[in-house]
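Please read the structure below before turning to the comments.
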Amino acid sequence: MVLEMKVPSPGESITEVEIATWLVEDGDYVEKDQPIAEVDSDKATLELPAEESGIITLKAEEGDAVAVGAVVCHIDMSAAKPEGGAEQKEDAPKAEEKKEAPKAEPVKDTYATGTASPAAKKILAEKGISAATVKGTGKDGRVTKEDAVKAVPSMGTPGMGSRGSERKKLSMLRRKVAERLVAVKNETAMLTTFNEVNMQPIFDLRKDFKEDFKAKHGVSLGFMSFFTKAVTRALQMYPAVNSMIDGKEMISFDFQDISIAVSGPKGLMVPVIRNAENLTFRGVESEVKRLAIRAREGQITVDEMTGGTFTITNGGVFGSMLSTPIINPPQSAILGMHNIVNRPMAVNGEVVIQPIMYVALSYDHRIIDGKESVGFLVAVKEALENPVELLMDNNPTKALEM
């Protein structure tokens, strides 16, 4: 009996996928639930498992766009599992040994070999090149003027290094990301506002509580929990930032589903922390860790990356000092974190060195006014610089125990 394997639906609104990589070859014996292919949708890369065991016949090529529900392979379930794997049979003919190519006659060394002619010597001296490093083509290996000229490429002349190039098709996911980013630039009135945050209060809290926090909860006390808590607080203060445009209507949400940008093997993934406003510091850190691991291992699902109301991205992990993040549609705003650098800062009338992070808020000016965007970012800054009072209800021990 032959099973026709069809492309399953990866998620709502997805009508086709692209065969990114076949993990098996035509004619291989596959086991049930064995991953046989990686398929790209416009939102994620997913593995396609074999539905039954048997001999597989591929019906699509790598790079083909295949409709959801279309047949991509056949599995002959009546075929017996071969013994001995893919070992070569004893009676298989051996490949003929390659004949050695005739060796070129070596150039006979004489007193002239490697010696530069007067004209060549002058050119090489001007360029600081030793005649011994130049292969001579003159009689008995003498370095000629032409050899010296060729050995010293002029400005703009290709050098002796590799000048190869490679052309490959962009994955469906990468093409869709590119289309969405261009659409955001073209279809929104995107602006970015900046501020700076003194991270010393958070540094002090992490120093005092990080060991106990990790021992108790099994996750590290990082910066994402502080930023997520600060963002959910600011979104409640400025609900327009937690809104989006749908045609001629504006949709506002009474919950905060925070998308977090994570670097995965197939590019940028943006999984969502649901109802982040209800999570404790431990809850946020645990969810960030879980989603980051799933993204890096290619296990993230379309549902886990759909429906966020606001995005946080951290370019600082790659060393970025300042950037203008692009809005994650259909959302209306995104917060960019950056690296933390010790900088001089005025504190109580004195110049002291403090760990400073620049933060950036990109927003859609069609529904978010300057007053709201600046107010939102200032609220985030205030919460991060005074976390004990504004994020922990003046009781950090209790806030970090839950």
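These numbers come from a predicted model, not from an experiment.
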OG-NZ distance between S220 and K210, expressed to the nearest 0.5 angstrom:
8.5 Å
Would you say S332's side chain and D364's backbone share a donor-acceptor pair under 3.5 angstrom?
no
Distance-only side-chain donor-acceptor flag, E382 / N386, under 3.5 Å
no
Residue pair T313 / L335, side-chain heavy-atom distance below 4.5 Å
no
As a quick check of understanding, evaluate side chain to side chain contact (heavy atoms under 4.5 Å, CB included) for R343 and Y358, giving each step before the final call.
CA-CA 11 Å; R343 294 188 174 93; Y358 294 139; 3.6 Å; yes
Which heavy atom of P355 sits nearest a heavy atom of I340, and at what distance?
CB-CG2, 3.6 Å
Examine the side chains of H338 and S323 and answer whether a donor and an acceptor come within less than 3.5 Å of each other.
yes
Any luck finding a side-chain donor-acceptor pair between D303 and T306 under 3.5 Å?
no
Check for a donor-acceptor pair, side chain of E372 on one end and backbone N or O of D369 on the other, with a separation under 3.5 Å.
yes
Pair N198-E196, side-chain donor/acceptor within less than 3.5 Å
no
Between N339 and V341, does the side chain to side chain contact (heavy atoms under 4.5 Å, CB included) criterion hold? Intermediate values first, please.
CA-CA 6 Å; N339 63 357; V341 178; 3.9 Å; yes
So E146 and T137, do their side chains get closer than 4.5 Å, heavy atoms only?
no
Quiz question: by atom type and distance under 3.5 Å, do the side chains of Q256 and T232 form a donor-acceptor pair?
no
Nearest 0.5 Å, please: how far is CD1 in I36 from CD in E51?
8.0 Å
Aromatic contact, F376 with F310 (centres under 6.0 Å):
yes
In terms of heavy-atom contacts, does NZ of K121 have more than 12 from other residues, nucleotides or ligands at under 6.0 Å?
no
Has the side chain of D208 got a donor or acceptor atom that lies under 3.5 Å from a matching backbone atom of L205?
no
R180 side chain to P329 backbone, donor-acceptor under 3.5 Å:
yes
K32 atom NZ: more than 12 heavy-atom contacts under 6.0 Å:
no
Side-chain heavy atoms of F255 within contact of R274, under 4.5 Å:
no
Taking the side chain as C-beta and beyond, is there a heavy-atom pair between Y238 and I368 under 4.5 Å?
no
Short side-chain donor-acceptor distance under 3.5 Å, N242 and T309:
yes
Quick one about Q331 and S259 (side-chain donor to acceptor, distance below 3.5 Å, no hydrogens or angles considered), yes or no?
yes
So E18 and E62, do their side chains get closer than 4.5 Å, heavy atoms only?
no
Quick one: are V197 and I356 in side-chain contact, heavy atoms under 4.5 Å?
no
Please check if the side chain of S243 supplies one atom and the backbone of P239 the other of a donor-acceptor pair under 3.5 Å.
yes
To the nearest 0.5 Å, what is the distance between CD on E211 and CZ on F209?
13.0 Å
Could you check if a side-chain atom of I273 sits within less than 4.5 angstrom of a side-chain atom of V288, using non-hydrogen atoms only?
yes
So, the side chain of R175 versus the backbone of L170: is there a donor-acceptor pair under 3.5 Å, distance only?
yes
If you draw the axis of the six-membered ring of F226, does the NZ or CZ of R206 fall within 45° of it and under 6.0 Å from the ring centre?
no
About how many Å separate CD1 of I260 and CE of M305, when rounded to the nearest 0.5 Å?
12.0 Å
Is there a donor-acceptor pair under 3.5 Å between the side chain of H365 and the backbone N or O of T188?
no
Hey, does the side chain of N275 reach the backbone of E277 with a donor-acceptor pair shorter than 3.5 angstrom?
no
Can you tell me how far the CD1 atom of I300 sits from the CD atom of E304, to the nearest 0.5 Å?
4.0 Å
Taking the side chain as every heavy atom from C-beta outward, state whether M5 and L48 have any pair of such atoms under 4.5 Å apart.
yes
With no hydrogens and no angle check, just 3.5 Å: does a side-chain donor-acceptor pair link T311 and N328?
yes
Treating D64 as the side-chain partner and E61 as the backbone partner, does any N or O pair qualify as donor plus acceptor under 3.5 Å?
yes
How about CE on M1, more than 12 heavy atoms from neighbouring residues, nucleotides or ligands closer than 6.0 Å, or not?
no
Does any N or O in the side chain of E285 come within less than 3.5 Å of the main-chain N or O of S225, such that one atom is a donor and the other an acceptor?
yes
Apply the test side chain to side chain contact (heavy atoms under 4.5 Å, CB included) to residues K289 and R294: give CA-CA distance (whole Å), side-chain angles for both, the deciding distance (0.1 Å), then the verdict.
CA-CA 9 Å; K289 180 179 178 180; R294 287 178 60 77; over 6 Å; no
For the CZ atom of F223 and the CE atom of M357, what is their distance to the nearest 0.5 Å?
6.5 Å
With side chain to side chain contact (heavy atoms under 4.5 Å, CB included) as the criterion, how do L58 and W22 come out once you've worked through the C-alpha distance, each side chain's angles and the decisive distance to 0.1 Å?
CA-CA 9 Å; L58 308 184; W22 280 110; 3.7 Å; yes
Does any donor atom in the side chain of D76 or S78 lie under 3.5 Å from an acceptor atom in the other side chain?
yes
Smallest separation among heavy atoms of I327 and A333, with atom names
CG2-N, 4.1 Å
